[in-house]
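Inspection log for the structure reproduced underneath, given as structure tokens.
Numbering of residues begins at 1 and proceeds along the displayed sequence. Remember, predicted model here, so these are calculated numbers, not experimental data. What you see below is based on every heavy atom in this structure, not just the backbone, and it leaves out hydrogens, waters and symmetry mates.
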Amino acid sequence: MNNELRQEQKRLDSVMDTMMELIGRLESETGRRRKEVANIRKHFWDDVKVNTDTFDDYLETIIGLRQQAQALSVTESTHRHATDRLSVLRRMCKVPYFGRINFTEEGDSTAERIYIGMSTLMDTSGENFLIYDWRAPISSVYYDYPPGPAEYTTPGGVIRGNLEEKWQYIIRDGVIESMFDTRLTIGDEILQQALGKGTDKHMHSIVATIQQEQNRIIRHDHGRLLIVQGAAGSGKTSAALQRIAYLLYKYRNWLKAEHIILFSPNALFNNYVSRVLPELGEENMQQVTFQEYLDHRLSNTFQVEDPYEQLEFMLTAMDDSSYETRAASIRFKASARFFETMKTYRQSLELSGMIFKDIKFRGKPIVSAKQISERFYRTDTSLRFHNRLEKLTEWLIEQIDEIEKLEMTKPWVQEEIELLSNEEYQKAFTYLQQKRGFTEDSFDDYERERKVLGRLIVRKKLKPLRKWIETLRFVDFTGIYKQLFDDPTHINRWIAGEAPEEWGAICRLTMKMLQEGKLFYEDATPFLLLKELIQGFQTNSSIKHVLVDEAQDYSPFQFEFLKRLFPLAKMTVFGDFNQAIFAHASEVIDFHTLSGLYGPDETDAINLTRSYRATKPIVEFTRRIVPGGERIIAFERDGERPSLTKLSNHAELHRCIASKVVDLRKRQYNTIAIICKSAAESIGAYEALSHIEDIKLVKSSSIEYEQGIVVIPAYLAKGIEFDAVIIYDASVQVYGDESLRKLFYTACTRAMHYLQLYSVGEPSSFCEM
């Protein structure tokens, strides 16, 4: 193996030399082309003789212009392609290729070695391939076949043969760290490293089993919805990213990165994921958090609470008088039942209940809300709801047209004309000349001039109002949503069955927030749904595939909304129900609730039970925390048993943590997380531990994934792993409530190699070793 590794490194060094030579040539070429583009632009008109005296002169001028523009276009295109190629080659310097197949074509006696990377690279002669693009036809053998008979399709037909060997490489900065023979394409670094260390056959067998499970996810290709439930550390995120790469590869003729969207838990996770996405020469797919989408749609109307503010309240405000009401509000508004209630409520608006705003011009009402309502409900009720709104909009625009005629003769218009500066007057004249064909003679008539200018001024003033009407801003969406809560008895008209017993208190709490211009997180999606149901869904038909990570954080209501937002997309959701830590967790997402989105025939589920990111002792400890944890299978990776230390006070706790951090640093642990229950506890811990060198506090607003030593709330650490984890305070006082079991499990499962728990006073029952 060592000899083969040396030979492979020697080849890689040769490839790197070729690449650096090509980069040098391209840098010279792009510099030269950039100067050429600048020079052509600078002297564009110098080489064109403009003459329009005769038709022939005019034709010659046009031809000259076209030739000069074409020369500029060709030079710009050449410069752009050279720049793009240079960018790809610079990225390839870090990882020139990641795989190799030995393929014997039918009729040949020897196998050809095919190296696969993000882009094609030829040798200096331009005749031999050093690296094949991962999208090249022959590369499909690498993705689609284990060793044995294989084939691939080219424009010239099907090429058959035998796949002799299949290798993967871990290359960093031009150095092969490890290489291994495998029957499957492995996209997870920990598994790659396990195989690259020459582990025994038993380990190879375990890895192969894990990979077969992940491969089912990566290549799943039927139905509308795939649900992946996976234990902590089972490789869900890795499988998600590999699935994206596979979809982009298999459907490369019509599926591009911009057609895929990943909903991730937070901006911190987005940054973390961007570091582990495979280098496949493609732009990353769109990544967004659900909160970012809500803020985009609602921030101009409300101050919207984010999910972490909601969770922070539920974790720290148990003594608040509104705590139980808030908990009931979150559970109900997150439910599929409330989704159906909202749909029924919207249907009821066809007969009554629509609320409109007065339409004003220059501070005075020109069409009252009452007039608009009467007009809407007099419109033919056999028309669809949205068609009635369209008719109403058209009628309002007609009213604006009438107002325009009336306002033109008003004194304020004449005053505006008198105040026009020479520059504004000239602008008005130029505009009318272009749009209306006016000439200087047209403005010789004083009366006509003032009439035309008056119309122009009024039209300009009314333009924003027209836009306001066309975008349905005369509909009082906030008022319509408030109507749900202004009288607790009204919900009986729209809900199936009984309303929650706390409904009256929920109504009062919701109204208080709405009157302050604020929106609870649990109200954001229902409000947006109601708005969309009234004005028509702003669907996104360009998205072909939606991936949702940490699916257990989403409510049934939110999934129903996402389905309607992306009507043409397939959906893959990844989650771990044991990490369902949000307040709506009683409405937990599982196969049964999600299969209703597209129907059982269009839904499939895959369960990952093998956890391999953490050592076996850590997995054996964490699986005891949650019900059904015995089904989680630990990876055969040795390590230290988790340790629980009981302390008498916080001063002692902080001394122990500081000492432990020093010890962990000496042991070369690169990422160390001190995980707290909440943001409030994190701030206190950070202040007490701030003397530790390079320690950082992670907040919900953090967008950079910080390596090193961090203090972080458990809910922000979700989806991220650390070499070593310190549970700040695992006492019964902090983690005594049964509702915190899954949060505690989430915190502990962030540890890959080392887990230390501290408890100030009696430890929580979750800590049983």
Side-chain angles (χ1 to χ4, degrees), residues 1-2 5 168 170 172 177-182 184 186-214 230-239 276 576 578-579 608-626 629-645 659-675 707 709 717 720-727 730 744-758 766-769:
M1 178 68 177
N2 287 337
L5 186 59
Q168 282 190 256
I170 299 177
R172 283 191 176 86
E177 293 191 354
S178 64
M179 54 180 284
F180 49 91
D181 188 3
T182 178
L184 293 167
I186 296 183
D188 191 280
E189 193 167 347
I190 289 178
L191 296 184
Q192 288 175 340
Q193 289 171 349
L195 285 178
K197 289 174 181 174
T199 50
D200 59 26
K201 288 184 179 178
H202 178 60
M203 183 69 81
H204 276 263
S205 175
I206 293 171
V207 170
T209 302
I210 292 170
Q211 278 309 120
Q212 285 167 1
E213 292 173 346
Q214 289 196 346
S234 59
K236 298 183 296 295
T237 300
S238 174
V276 295
D576 178 7
N578 286 323
Q579 295 183 61
L608 299 176
T609 57
R610 294 180 181 271
S611 179
Y612 61 84
R613 290 191 177 272
T615 61
K616 186 175 182 180
I618 291 175
V619 174
E620 287 179 339
F621 167 70
T622 55
R623 70 183 182 183
R624 288 198 293 269
I625 298 172
V626 288
E630 67 278 358
R631 292 192 290 271
I632 299 171
I633 303 167
F635 191 57
E636 294 291 336
R637 188 152 64 87
D638 289 334
E640 295 181 53
R641 290 186 63 201
S643 175
L644 172 63
T645 303
S659 175
K660 179 60 67 176
V661 167
V662 171
D663 175 55
L664 293 172
R665 274 176 159 165
K666 286 179 181 175
R667 294 165 65 177
Q668 302 299 306
Y669 287 123
N670 296 320
T671 55
I672 303 168
I674 300 162
I675 301 184
Q707 298 224 337
I709 302 161
I720 303 174
E721 289 84 19
F722 302 91
D723 292 333
V725 164
I726 295 169
I727 302 298
F744 187 74
Y745 171 80
T746 299
C748 293
T749 53
R750 300 308 92 206
M752 290 197 292
H753 307 294
Y754 186 89
L755 176 60
Q756 169 70 54
L757 300 92
Y758 290 107
F766 307 150
C767 297
E768 293 177 7
M769 295 287 181

Chi angles and distances behind the side chain to side chain contact (heavy atoms under 4.5 Å, CB included) call for I709, R665: CA-CA 9 Å; I709 302 161; R665 274 176 159 165; 2.9 Å; yes

What distance do [X] atom [atom1] and [Y] atom [atom2] have between them, rounded to the nearest 0.5 Å?
{"X": "I726", "Y": "S643", "atom1": "CD1", "atom2": "OG", "result": "11.0 Å"}
{"X": "I672", "Y": "F722", "atom1": "CD1", "atom2": "CZ", "result": "11.0 Å"}
{"X": "I675", "Y": "F744", "atom1": "CD1", "atom2": "CZ", "result": "10.5 Å"}
{"X": "T749", "Y": "N578", "atom1": "OG1", "atom2": "CG", "result": "9.0 Å"}
{"X": "L664", "Y": "Q756", "atom1": "CG", "atom2": "CD", "result": "8.5 Å"}

Ring geometry between Y669 and H753 (parallel below 30°, tilted from 30 to 60°, perpendicular above 60°): parallel

Smallest separation among heavy atoms of D723 and T671, with atom names: N-OG1, 2.8 Å

Heavy-atom pair with the smallest gap, counting every atom of G230 and D576: O-CB, 3.1 Å

R750 side chain vs I720 backbone, donor-acceptor pair below 3.5 Å: yes

Donor-acceptor pair, side chain of T609 and main chain of I633, under 3.5 angstrom: no

E630 atom CD, neighbour heavy-atom count above 12 within 6.0 Å: yes

side-chain contact (heavy atoms from CB on, under 4.5 Å) partners for P642, two or more places apart: P617, I618, F621, L755, L757, M769

